[in-house]
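One is the number of the first residue; the rest follow in order along the sequence.
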Amino acid sequence: MMLVFTLMALTLSVILALISFWLPTILPDTEKLSPYECGFDPLGSARLPYSMRFFLVAILFLLFDLEIALLLPMPWAIQLTTPPSVMMWAMMVLLLLTMGFIYEWDQAGLEWAE
């Protein structure tokens with residue numbers, strides 16, 4: 001039984017690998033063959049100004065990603081000797097980030113197009 005599952009997995013892996021090498025070469029065009037670097041045209045000028053909105057959205061993404069990383073151990077922290085203090089600190093972090101999010105929304109910092 002284990003041999004059958006191993007052979008099926010190996011066969012499926014080989015078939016998918018062959019399809020992934022064969023499928024993209026069916027109709028190559030200039031868009032697929034051109035290099036892509038961070039959303040900028042690689043053949044244009046390297047001295048183009050960066051959009052400040054891009055950096056604002058990137059910083060906001062990192063901030064809320066950090067929030068998830070800080071709140072991830074929360075279920076294990078509840079098992080400590082002082083769960084109310086853990087909940088209080090978690091709620092303070094959430095409140096601070098929510099207030100910052102409301103401020104950014106109010107200042108139209110989340111609007112991508114002007």
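Tracing side-chain contacts under 4.5 Å through hydrophobic residues (I, L, V, M, F, W, Y), one reaches Leu63 starting from Phe101; they form part of the same cluster. Trp89 and Leu94 fall into different hydrophobic clusters, defined by Ile, Leu, Val, Met, Phe, Trp and Tyr side-chain heavy atoms under 4.5 Å apart, directly or through other members.
Atom CG of Leu10 and atom CD1 of Ile15 lie 10.0 Å apart (nearest 0.5 Å). Separation of atoms CE (Met99) and CG (Asp106) is listed at 13.0 Å; rounding is to 0.5 Å. Interatomic distance, Leu97 CG to Ile102 CD1, rounded to the nearest 0.5 Å: 11.0 Å.
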Full working for side-chain contact (heavy atoms from CB on, under 4.5 Å) between Leu96 and Met92: CA-CA 6 Å; Leu96 180 68; Met92 286 182 66; over 6 Å; no
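Counting heavy atoms from C-beta outward, Leu62 and Leu66 have side chains that stay 4.5 Å or more apart.
The environment of Met88 atom CE is dense: over 12 non-hydrogen atoms of other residues, nucleotides or ligands sit within 6.0 angstrom.
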